[in-house]
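Order of the sequence lines sets the chain letters (A, B, ...), proteins ahead of strands, with each chain counted from 1. What's counted below: heavy atoms across the whole structure, side chains too, no hydrogens, waters or symmetry copies.
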There are 4 protein chains.
Amino acid sequence: MSAKKQSLNIAMIGHGFIARAHSNAFLQVSHFFDSPYQLIPRVICGRDRTKTEAMAARWGWCEAASDWRSVVDRPDIQVVDIATPNALHAPIALAAAAAGKIVCCEKPLALSFAQADTMASAVKNLPNLVWFNYRRAPAVALAKVMLDEGRLGRIYHYRALYLNQSGNDPTKTSGWRYQRAQAGSGALGDLLSHSIDLAQHLNGPIAEFCAMSHTFAPGRDVDDAVAVLARFANQSVGTFEATRYGVGCRNRNAFEVNGARGMLAFNLERMNRLEFLDATEPAEVQGMRDIMVTGPNHPYWENFWKPGHEIGYEHTFIATLGDFLQALDRGEPFHPNFEDARKVQKVLEAIIGSASSASWVKV
Amino acid sequence: MSAKKQSLNIAMIGHGFIARAHSNAFLQVSHFFDSPYQLIPRVICGRDRTKTEAMAARWGWCEAASDWRSVVDRPDIQVVDIATPNALHAPIALAAAAAGKIVCCEKPLALSFAQADTMASAVKNLPNLVWFNYRRAPAVALAKVMLDEGRLGRIYHYRALYLNQSGNDPTKTSGWRYQRAQAGSGALGDLLSHSIDLAQHLNGPIAEFCAMSHTFAPGRDVDDAVAVLARFANQSVGTFEATRYGVGCRNRNAFEVNGARGMLAFNLERMNRLEFLDATEPAEVQGMRDIMVTGPNHPYWENFWKPGHEIGYEHTFIATLGDFLQALDRGEPFHPNFEDARKVQKVLEAIIGSASSASWVKV
Amino acid sequence: MSAKKQSLNIAMIGHGFIARAHSNAFLQVSHFFDSPYQLIPRVICGRDRTKTEAMAARWGWCEAASDWRSVVDRPDIQVVDIATPNALHAPIALAAAAAGKIVCCEKPLALSFAQADTMASAVKNLPNLVWFNYRRAPAVALAKVMLDEGRLGRIYHYRALYLNQSGNDPTKTSGWRYQRAQAGSGALGDLLSHSIDLAQHLNGPIAEFCAMSHTFAPGRDVDDAVAVLARFANQSVGTFEATRYGVGCRNRNAFEVNGARGMLAFNLERMNRLEFLDATEPAEVQGMRDIMVTGPNHPYWENFWKPGHEIGYEHTFIATLGDFLQALDRGEPFHPNFEDARKVQKVLEAIIGSASSASWVKV
Amino acid sequence: MSAKKQSLNIAMIGHGFIARAHSNAFLQVSHFFDSPYQLIPRVICGRDRTKTEAMAARWGWCEAASDWRSVVDRPDIQVVDIATPNALHAPIALAAAAAGKIVCCEKPLALSFAQADTMASAVKNLPNLVWFNYRRAPAVALAKVMLDEGRLGRIYHYRALYLNQSGNDPTKTSGWRYQRAQAGSGALGDLLSHSIDLAQHLNGPIAEFCAMSHTFAPGRDVDDAVAVLARFANQSVGTFEATRYGVGCRNRNAFEVNGARGMLAFNLERMNRLEFLDATEPAEVQGMRDIMVTGPNHPYWENFWKPGHEIGYEHTFIATLGDFLQALDRGEPFHPNFEDARKVQKVLEAIIGSASSASWVKV
């Protein structure tokens, strides 16, 4: 059966933590999804040869390479997956686009809105994907279904946090994530970009906002924390906060929605759960219910294990890729793509502007 | 208005912790319930004169006394409330009954079933009450309503725990609670009696069971822990456990019920909450809901504060007394009374027998 | 013993929900605290005679009155307690101050900063109290102790929410709480005032902020929701949000603090709990711990019941009053007083300014 | 690098849900562990040819076969993995042992203790493994470390539940899991076997117990629910309950331990968490802490993702296999093996005896 499938040769650029999550997705997608393609992990490319070769050996990449420009131009490659520090996203994506490849890129898409805009234009006629993977945590996907069904009625409040403690050692200034030239921003692009993407995915466009940012660590030129007041186009009130100084929080990518008919809450630290209160029920039985989103009848429940059996972080990448391959096969649009990420980047850049000018900004 | 109310002169025997909770109930009931009577805290009686006088001064008892026999016989007293160590429950209750008083008694009712049986017979034509106060935690009362409505369908499982760490210092052997002659039993009468009363209140009679008990502390002649397997008359399966060595648990008086149509869970450590899962809902929105049982439409919600405002431990006594006074006024039966407590005592005594004979027992 | 105590005759103005909570505190304080005074509930005063008389009868006020001016001037009254709608706070407080009374006032103190300023000046030589009762929830008091001990180290983030659904019926415009002339503001004064008081109590003064407010209900002239970005004087970053459209939340008065050495979290919906993460522990045993703040060794644990036995909403008022009477007896300052409330009012008024001018404001 | 590794050809018998989890482990182990071997998924064998071929295609098994006897005897096979209904475990394991293979077997090991005893003897000189996978949930492994370190001191109580609702449709009698000839028992072998294995792993041998079992569904000849009172060899008191009628519970494989120095709690429905209370801390900061067991310094944290990133169900199999391969390479014993499973089976069989004789049994 698999012999008949079209194969796609993948080139992945990057060899860090996120490249590991991508590698896993490329290898695992066909086990959990009816993949229309046979994915071939053809070449992994990274600056550190030893690490790149170790990754290749461990994850089954056929080849290890070190020059991304030559890899991107190889005619046997159909898919270029970008898993590098942020500063390399644009040059690699533009080269891959120029070479007519399918382009997948880690978030945040770019260092600036100008970059993101150019990149989105470059790939607009090519299949493309940005790894805003949390849209496809089953609990988030369930929230999306419920919101689209109107289960919450008119939305009053959208509240998002992304708190971790990754940067709370103020003496730590090395690492590309703490340098503006490499990362573009700090907690903003690293963490809040996820929150913004989810917010616009779930609650529609943000219309205007006012932001503040703060750097706790002396010597860093990126933000350690950012907070935002917002109004959405649907007239709901939004608040956002992201920080790398959220001591006590490991990975609290959380949102809450209050609507006329109920409430939803999600927290990535318990990613298999969605909390829901149905305000249309009799008052005496209303309460936040803790839904274990592992089926039956939940997004992706037939793909993964069975009801009551949790999935982990990596499955959000597998589900993203599974849906992307289906859309590719059917010639349908896929989201989140570069265009979606461009919209996120527009907000991120405007947040920087709002924070530095201490004023409200319309998107 | 209050001038027209019949007054009831109260005599309370005891001056310890539980006497404080009773005193509070006598003073507070008319603030939260439309009390048909004016309760007069006439006399508090205790063995330690200093403590008794201090309690009288603090809680507004008109008099302090030390000889319960003369107090019980006073013609100006209508209500005798027993808040003493267990060993005194029977003599005081029997004397109060002989004097024709309304009798209220702390749990467990007696040291033995024989005592309880005699006591229940003695008061059967007098208004009487046993302070199994947790029946009237609003969350427990809501569970009762839901079970009676059939919201859970046929019951499969009833599971109860009462875990605290009150006795986990094995060198502690003083105190009446650790002496069989004073207390009758240990965790059994102190803790499991509540669980048994709630179980029979919520899920009907226990038909048969098998028990074990254990004493961790050298030199104690009462049980520190007890565990029970049970079958209820309604064919559901029961398990019970109580311990004073539940290190980490402060007051975990908890039960869970699984039925064909859903699940309920309660834990006294979060006494304003009832958890409920409605298994008749679509699978994708099923989840344990955490109901804050402070109204609207919850038991006692109009008596106490307002929705979202928690009540505390003492309100279970106030609600018990409020309902008792209403029943008294209407000439209606009140529960839990001595007869209910007699049934609990029957189970407690049979548990001792089962544990010592290591065999199943029918109730 | 009580015969020797000085008595204080109380006049309470107001007969609504909060007057009930105050009445309870006046009656109960001597049961849980060693009160240096004998409090006499001398007179309750309200506009609705029937309701006032009913309150008097139920809660044991000696007299019912309807003209607050004459009550405030009565020479037999030592304490004037203000439990009216907000608009009456200032005239009553000023009259009471002019009459030299001890003055207790419900929050928010005033309709405007100008009012609050005048009021604070008027009482500055008189014992006075403002019912920011949540400072004395034992869990909040424990947080204060831990912060003062430096258990959290340098503070990075302070995050506060006060969400309820009290106003989420947009057709509801009656009631003094929804009219600016009566209430001064909406969610701001009703809810956020508590959050601001707690924030400044726990984390010190707010230095600057930027706010937004929103009214969902057509026809209301008060805010339904308010959100704030802030910087504290201690360089920490703050966020605040309060709403009456928080569907799904009954009384979520919550805060979180992230510091260099750990994290704290509180939520009034589980008021007997404080969550704490100690970041100085070995990483492998770090986790948010759920502390049941009922003793041993917790604030007020010897006043109320015993470890593992929850207290309710009303105990925050009792503890406030208990501490106030101790301070009065010793001639020591008490907090929160009119001066503290004046500082809260200053922030509230500046929030209105910031929201309407869409700009940052320094306090 | 991988070229130098010894390869192991795997034959897996079975094509159901659990075979999927095993397949995943064989493919994934080398990505997360430094595998000393190259595992080759040589052949999958199942009775239903269509399903077997589909599994082979999806999971990359080189061949699909239908006659397990011939597969087990193939000289090119080094490892036989048994993922069949319980009744086939013994014949396949005995044949694999006779052929000198490494043998891996799904739990419960056998239909009876006699079978298990024979099987354990047969493999005693061969590397072998039984898939009691939950020992290696990182949170369970952390509990084991903490108990072995004496962090809980003397153990007083061990309390285990395994509740799901898999069998709560009483009309459902088909399926091998509901037939004694195929499954040996019901909830007992399916669910309680995990609890017994974990209990003996964490708390040492069970010395004696008394059990009850119950079948709710008419026509089933296996138990739907089982409950057990136990005494461990270390003098602690145990309780166990397993049911397929636990409506509201999806996969609640939970245990709690109370010891002199603290408490631990685990629940598979939140498998990335371990709850811990340290009773040696000052009382005022004691509380159950919710440890997210994803590192740093947790079992397997360097194998999987990074702190704050959850893992799922399948990683318990991967970790089991990873440790097994390491032990195999080093010639060290591995646990849980057939001998461990034999001890579990001994308890399971004695539970059946205790339940049918309604009496206490010594192990």
Pairs of heavy atoms under 4.5 Å with chain A: top-ranked of C:Asp278, C:Asp224, C:Val237: C:Val237

Distance, nearest 0.5 Å, that separates NE2 of A:His214 from CZ of C:Arg231: 6.0 Å

Winner by heavy-atom pair count (cut-off under 4.5 Å) against chain C, out of A:Glu256, A:Arg159, A:Gln235, A:Arg250: A:Arg159

Proximal component of C:Val257, with respect to chain A [non-hydrogen, under 4.5 Å]: neither

Contact summary for C:Leu229 and A:Val228, nearest pair of heavy atoms: CD2-N, 3.9 Å

Top contributor to chain C contacts, counting heavy-atom pairs under 4.5 Å, from A:Arg261, A:Met263, A:Met212, A:Gln165: A:Met212

Atom of C:Asn258, atom of A:Cys249 and distance for their closest heavy-atom approach: ND2-SG, 4.4 Å

Non-hydrogen atoms of C:Ala279 and A:Val247 that approach each other most closely: CB-CG1, 3.6 Å

Part of C:Ala211 lying under 4.5 Å from any heavy atom of chain A: backbone

Chain A contact residues among residues 143-158 of chain C, heavy-atom distance under 4.5 Å: C:Arg154, C:Tyr156, C:His157

Option that, when pairs with chain C are counted at under 4.5 Å, heavy atom only, ranks first among A:Ala260, A:Gly246, A:Ala265: A:Gly246

Neighbours of chain A found in residues 351-363 of chain C - heavy atoms under 4.5 Å: C:Ala358, C:Trp360

Proximity breakdown for C:Leu161 and chain A, heavy-atom pairs closer than 4.5 Å: side chain

